[in-house]
Amino acid sequence: MYEGVVQDLIDELGRLPGVGPKGAQRIAFHLLAADPADVRRLAQVLIEVKEKVRFCRTCFNVAEAEECRICQDPRRDPSVLCVVEESKDVVAIEKTREFRGRYHVLGGAINPIEGIGPDDLRIRELMTRLADGTVTELILATDPNLEGEATATYLARLVKPMGLRVTRLASGLPVGGDLEYADEVTLGRAFEGRRLLDV
Amino acid sequence: MAHTVGVSLYRDEGVVLRTQKLGEADRIVTLLTRDHGRVRAVAKGVRRTRSRFGSRLEPFTHVDVQLYVGRSLDVVTQVETLAPYGAALAADYPRYTAGTAMLETAERLTVEEREPAVQQYLLLVGGLRALAGGEHDPGLVLDAYLLRSLSVAGYAPSFGACARCGAPGPHRAFAVPEGGAVCPDCRPPGSASLAPEATALLAALLTGDWAVADAAEPRYRREAQGIVAAYVQWHLERGLRSLRLVDRTTPEGGQTVRATGDA
């Protein structure tokens with residue numbers, strides 16, 4: 001046990017995800033030895049992130065205003081809506097520079113064993129967005145794992161009566177990988193989604 | 001079949017029950033294995049898109065797995081798919097939710113890790129095969145699985161003779177705390193009243209008489225489902241989280257009925 005505030009700092013750091021008691025101690029002593037200006041900047045950012053950042057009222061992505069930058073951007077196509085699980089998925093898709101539509105962040109995936117059902121996600125808000133008829137294509141970009149697939153199935157069934165074009169991101173072989181290491185489900189999907197090579 | 005390879009390496013067949021994220025790219029995978037019971041193991045790097053495990057360690061997958069004995073958790077070294085039930089289940093929401101309730105039950109009924117539970121394992125594999133095969137209503141497959149897994153665990157309900165005095169049935173009252181149908185003399189206050197058709201359905205689900213079960217009318221299915229849910233929640237102290245999220249869309253009416261668990 002350390003004295004007073006040093007121990008408090010170690011305890012607080014130890015509550016962060018992925019930080020154990022030894023890691024917390026190492027970070028605490030790094031901060032003690034660091035330049036005061038650097039530590040002050042870190043403290044300032046920590047406070048600011050809690051004060052300024054909120055969820056976009058339209059798409060529920062993290063935002064610094066009522067609406068996020070993507071929802072405010074008039075150049076983004078409002079007729080194509082991409083549904084993702086988390087804000088970090090928006091960032092991953094934005095990095096591709098392939099997509100010019102808008103997003104809807106669900107806040108997770110349906111996972112009954114963990115007690116997460118459709119009512120715990122922002123599905124009601126998605127249905128409200130779809131109701132005015134602006135969106136013509138819904139891209140389901142939930143994770144390609146069991147929970148993500150089940151969530152996509154649930155959403156596809158839910159929006160079916162609306163007559164939208166509903167698409168799912170393709171899944172198959174990772175670029176740069178070896179065919180022999182692909183598992184049966186992934187390789188099967190790659191066959192299912194094979195495309196015509198028009199040269 | 002399982003056999004030991006060296007001292008600290010072993011091979012077994014199992015069903016992936018649950019996965020939890022661990023660190024940057026790993027997962028803790030809970031498996032119900034044939035010979036080693038419920039095992040928790042680390043799958044290193046499984047969340048990376050280029051992981052050699054790929055989708056093999058997703059819940060519902062029936063796998064042939066090689067594990068290395070670790071200090072607290074074992075480590076997955078190799079996996080081969082025996083049957084990828086997850087793909088079929090995730091493509092059908094009612095089946096997916098029924099399947100998750102089965103996985104959670106299997107985990108809860110195998111209390112001790114590494115305690116062999118062959119019957120529970122075989123029951124789960126059979127249940128998932130039936131669910132993915134799509135021959136029966138997913139709600140019925142789930143109810144049959146729940147009744148049978150509780151029976152294997154030592155909580156077999158009685159749908160014929162009175163659970164208290166043994167008077168021959170059928171009886172119309174069902175008392176969850178007594179463990180089954182009860183005669184008018186033994187009937188405690190608060191017992192549920194069951195239609196004879198619902199009792200017949202429950203008995204058919206327990207014994208695997210699918211001709212009777214498949215022919216049951218939706219209203220008796222709902223009655224039976226309520227009894228099963230109440231029976232499960234009574235015996236599993238904390239209750240099943242996934243049971244309340246089971247989507248029981250009836251093929252006849254397309255109406256969604258969720259199990260309440262408090263029937």
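Letters go in sequence order (proteins before strands), and every chain restarts at 1. Predicted model, so just to flag it, every value in this text is computed and none were measured.
Interface remark: B:Leu17 contributes backbone atoms only to the contact with chain A (heavy atom separation under 4.5 Å). Looking at A:Ala182, the atoms closer than 4.5 Å to chain B (heavy atoms on both sides) all sit in the backbone: N, CA, C or O. Both the backbone and the side chain of B:Glu104 come within contact range of chain A, with heavy atoms under 4.5 Å apart. Using a 4.5 Å cut-off between heavy atoms, A:Ile116 touches chain B through its backbone atoms (N, CA, C, O) alone. Contact annotation for B:Phe53: only backbone heavy atoms (N, CA, C, O) come within less than 4.5 Å of a heavy atom of chain A. Looking at B:Glu24, neither its backbone nor its side chain comes within 4.5 Å of chain A, counting heavy atoms on both sides.
For the salt bridge (charged side-chain N to carboxylate O under 4.0 Å, His left out) criterion with B:Glu107, the lone passing option out of B:Arg238, B:Arg18, B:Arg241, B:Arg40 is B:Arg18.
Salt bridge B:Arg114/B:Asp74: present, at least one basic N to carboxylate O contact under 4.0 Å. Residues A:Glu94 and A:Arg76 are paired through a salt bridge, judged by an N-O separation under 4.0 Å between the basic side chain and the carboxylate. Salt bridge annotation for B:Asp137-B:Arg221: present, with a cationic side-chain nitrogen under 4.0 angstrom from a carboxylate oxygen.
Proximity of the aromatic rings of A:Phe55 and A:Phe60 is defined here by a centroid distance below 6.0 angstrom, and this criterion is not met. Checked against the 6.0 Å centroid threshold, A:Phe29 and A:Tyr2 count as a close aromatic pair.
A donor-acceptor pair under 3.5 Å is absent between the side-chain atoms of B:Asp92 and the main chain of B:Leu89, judged by distance alone.
Top candidate by heavy-atom pairs under 4.5 Å with chain A, chosen from B:Ala101, B:Gly86, B:Pro84, B:Ala91, is B:Ala91. Ranked by non-hydrogen atom pairs under 4.5 Å with chain A, the options B:Thr81, B:Thr19, B:Val79 are led by B:Thr81. Chain A forms the most heavy-atom pairs under 4.5 Å with one residue out of B:Ala87, B:Gly23, B:Pro59, and that residue is B:Pro59.
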